[in-house]
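Below is one structure, written out as structure tokens; comments come after it.
Just so it is clear, the structure is predicted and the values come from calculations on it, not from any experiment. Chain letters run A, B, ... following the sequence lines, proteins first, then strands; residues in each count from 1.
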Amino acid sequence: MTKPSLPQGTRDFEPETVRKRNYIFNSIKTIFERYGFQPLETPAMENLETLMGKYGEEGDKLIFKILNNGLDNPEKQDQARKDFENILMGKNSKGIAGKALKYDLTIPFARYVATNHKQLTFPFKRYQVQPVWRADRPQKGRYREFYQCDADVVGSESLLNEKELANIYHDVFHRLGIRNYELKINHRKILTALAELCGGAEKMTDIAIAIDKLDKIGLEKVKEELSKKEFTRQQITVIENYLSISGTNAEKLSKIKSLLNNAGTGEKGIKELEYLVADARLAIDFTLARGLNYYTGIIFEAKAKDVLIGSIGGGGRYDDLTGLFGVPNIPGVGISFGVDRIYDVMEELNLFPASLQVSTQVLFFNLGEEESNVSFSIMQQLRHRDIRCELYHENAKFDKQFKYAERKKIPYIIIIGSKEIEEKTCTIKNISTGEQKTIYQNELISSYQF
RNA sequence: GUGGCUGUAGCUCAGUUGGUUAGAGCAUCAGAUUGUGGUUCUGAGGGUCGUGGGUUCGAAACCCAUCAGCCACCCCA
């Protein structure tokens, strides 16, 4: 019998970790609700064609496909063989796998909006906190199953939405105690305008991918990459000038204006940035690009500053997301929090409150059958007062019972032995200070505060 | 999908050019100690050396395959 193992890139979460993760989830959800977002959940799986082609060529490869049932049916063997041939040729075949695990929350949301848009009240603001799956090779901070926390507003072009989403970032990080972070902002239209200056709008993806790596590989390597993509020396110089723009938000804006020569495409982007950076906590970063190619307007990225970790959140505006599903003209903007990375940041900076790990507040010692019967009925009354209690499961040595309390970080123990039963009292001990006192059982039951 | 490193007790790790019965610390359990824990002392249990095959008189060590983890690339959260 070999030991069972977990599928690659998946994890079990021990109780302590679940509490910490829930603390993050609940904080984020609370803020989302505060801004009027409503919860939505979609199934773990979608029809394969709903997902295929939405994440680019690379993305398609990373979609987890689900094998159809009944492929071994002898009557359908010929068809199954043909379908499988298709797969070997690199084509999709619904006959073998018609469903897939969801890859992110945005496309299923778009599918939901496209199918329900007639019933929805716009602007529709929803948040969604669910696991997603990617058939990627696991690595530091990258898993095959992980949670995304998204909030999107669809059916509104107002920049007020961007302003609100930026404030959601601030509120969430504030609530979690993450003080030293940077909320970076850029605009896809500015990148488009840059691409137009350098060989055409269709070059935008190449430029975006290359400059996104700037802080990772440095300017020289970015230039190398660009020349591999057949940008001319002149074009690379323009991009270099673009990347070297520095200073305050206002300085950056004035420099970008002269660089882009007031070209029409970038103008809207600059205006929108100007509107948003009235909030000085936002930092314009023209090197911010973000991979997902459905973004068309403002893009965001949040980074923790005193921890060596990538982004802890990102998002942006997209025109016409549901157009992919035959419902045009529903624009939207959304943001996402990277829970696993936020977890790592908080762990490293020691930001989780210690109180998270107090589950049971009181442990009743077990001193024998008669004693434990008394303890049990008192314990039930405390439980009904919403105090979390346990009675040790058997009559064991004090040593053992103490150690159980310590390990479970239970702050108080209560001893009720024959002496206490006779006197109708109980002994309460604070495990960390060692203080103890004896009070009447009545008082404990009716009003004692731990 | 491509490349590199690693895998020994519950955990962290030793283990000599391949050589008797594979070790330590922490943890666990028992006792000193069944009405007061954290300290100390004594003792015990715990291993198919990731898995499968191969080389060898002999493999934890060498070779191949496989699985898993870590790291980098591609891409991304």
Side-chain angles (χ1 to χ4, degrees), chain A residues 1-11 14 55-63 90 102-106 129-150 205 208-210 212-213 216-217 221 225 228 289-293 295 300-304 309-316 334-345 363 365-368 371 392 394-421 425-438:
Chain A
M1 184 73 184
T2 51
K3 275 189 208 163
S5 62
L6 288 174
Q8 190 179 40
T10 64
R11 301 162 287 172
E14 53 177 9
Y55 309 103
E57 217 175 298
E58 286 296 318
D60 282 356
K61 287 187 203 157
L62 301 181
I63 293 171
K102 64 174 176 259
Y103 178 91
D104 71 356
L105 302 179
T106 309
V129 177
Q130 286 192 277
V132 301
W133 293 268
R134 294 189 188 174
D136 204 358
R137 187 174 284 207
Q139 220 190 97
K140 190 176 187 67
R142 273 169 89 170
Y143 303 94
R144 289 185 147 186
E145 179 185 60
F146 61 97
Y147 272 74
Q148 289 192 330
C149 306
D150 283 20
T205 308
I209 288 174
D212 210 30
K213 296 179 190 164
K216 212 169 172 184
I217 62 176
K221 295 262 178 191
E225 198 138 319
K228 269 186 215 152
R290 298 214 42 94
L292 290 172
N293 37 25
Y295 289 133
F300 293 110
E301 186 162 296
K303 257 190 149 164
I309 227 163
S311 75
I312 53 177
I335 56 170
S336 182
F337 288 89
V339 178
D340 289 292
R341 286 182 178 178
I342 290 174
Y343 182 97
D344 290 344
V345 168
L363 177 70
F365 270 26
N366 188 327
L367 281 79
E371 292 90 335
Y392 195 78
E394 61 191 6
N395 177 14
K397 294 201 298 187
F398 268 43
D399 178 74
K400 265 191 135 174
Q401 306 200 38
F402 268 119
K403 280 186 173 152
Y404 179 80
E406 259 172 62
R407 263 219 304 269
K408 278 194 82 171
K409 298 183 174 145
I410 300 172
Y412 294 96
I413 59 132
I414 292 182
I415 297 168
I416 299 174
S418 49
K419 194 177 78 191
E420 284 86 354
I421 290 177
T425 59
C426 62
T427 300
I428 304 174
K429 179 163 182 166
N430 178 323
I431 272 240
S432 52
T433 64
E435 268 173 71
Q436 75 177 48
K437 57 184 154 187
T438 300

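B:rA77 atom P lies 17 Å from atom CH2 of A:Trp133, rounded to whole Å. The CG-P distance, from A:Asp136 to B:rU2, rounds to 13 Å in whole Å. Taking atom CG on A:Asp212 and atom C1' on B:rA77, their separation rounds to 13 Å, with Å as the unit. What separates CD1 of A:Ile335 from C1' of B:rA77 is a distance of 14 Å, to the nearest Å.
Interface remark: the A:Glu420 side chain does form a donor-acceptor pair with the B:rG35 base, using a distance-only criterion of under 3.5 Å.
A:Gln401 has no side-chain polar atom (N or O) that falls below the 4.0 Å cut-off from OP1 or OP2 of B:rU36. For the OP1/OP2 pair of B:rG69 and a distance below 4.0 Å, the side-chain nitrogens and oxygens of A:Gln8 include at least one atom meeting the criterion. Using a 4.0 Å cut-off, no side-chain N or O of A:Lys213 falls inside it from OP1 or OP2 of B:rC73. Of the side-chain N and O atoms in A:Arg137, none sit less than 4.0 angstrom from OP1 or OP2 of B:rC74. For the OP1/OP2 pair of B:rG31 and a distance below 4.0 Å, the side-chain nitrogens and oxygens of A:Lys397 include at least one atom meeting the criterion.
Contact detail for A:Gln401 and A:Glu394: the closest heavy-atom pair is NE2-O, 4.0 Å. Pairing each heavy atom of A:Arg290 with each of A:Tyr295, the nearest pair is NE-CE1, 3.9 Å. Nearest heavy atoms, A:Glu145 versus A:Arg11: O-NH2, 3.5 Å. The shortest heavy-atom contact between A:Arg341 and A:Ile312 is CB-CG2, 4.0 Å.
Rounded to whole Å, the separation between the C1' atoms of B:rU8 and B:rG25 comes to 15 Å. Annotation: B:rG69 and B:rU12 have their C1' atoms spaced 16 Å apart (nearest Å). Taking atom P in both B:rG1 and B:rU39, the straight-line distance is 49 Å, to the nearest Å. Across the P atoms, B:rG15 and B:rU28 are found 27 Å apart, a figure rounded to whole Å. Here the separation of B:rC75 from B:rU17, taken at their P atoms, is 44 Å to the nearest Å. Distance noted for atom P between B:rA60 and B:rG50: 10 Å (whole Å). Nucleotides B:rC41 and B:rC26 place their P atoms 9 Å apart, quoted to the nearest Å. Spacing between B:rA59 and B:rG3 at atom P, rounded to whole Å, works out to 32 Å.
At a threshold of 4.0 angstrom between heavy atoms, the contacts of A:Gly368 with the nucleic acid are absent. Within 4.0 Å of A:Tyr147, counting heavy atoms only, lies no atom of the nucleic acid at all. Counting any heavy atom pair closer than 4.0 Å across all strands shown, A:Ile431 reaches a base atom.
Screening A:Phe398, A:Tyr404, A:Tyr392, A:Tyr412 against A:Phe365 for a ring-ring contact (aromatic ring centres under 6.0 Å, His included) leaves a single residue, A:Phe398.
Residues A:Ala135 and A:Ser336 both approach RNA chain B. Their nearest nucleotides, taken by heavy-atom distance, put A:Ala135 toward the 5′ side. Annotation: of the two residues near RNA chain B, A:Arg407 and A:Lys61, the 5′-most nearest-nucleotide partner is A:Lys61.
Residue A:Phe146 and nucleotide B:rA77 are classified as a stacked aromatic pair, their ring centres being separated by less than 5.5 Å at an interplanar angle below 30°.
A:Arg144 contributes a side-chain N or O that, together with a main-chain N or O of A:Asp136, makes up a donor-acceptor pair within less than 3.5 Å. At distances below 3.5 Å, not a single donor-acceptor pair connects side-chain atoms of A:Arg134 with backbone N or O atoms of A:Tyr143.
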For RNA chain B, the dot-bracket notation using Watson-Crick and G-U wobble pairs below 3.5 Å, [ ] for pseudoknot-type crossings and | for other-strand pairs, is (((((((..((((.....[...)))).(((((.......))))).....(((((..]....))))))))))))....
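One finds the NZ atom of A:Lys437 at 9.5 Å from the CG atom of A:Asn430 (value rounded to the nearest 0.5 Å).
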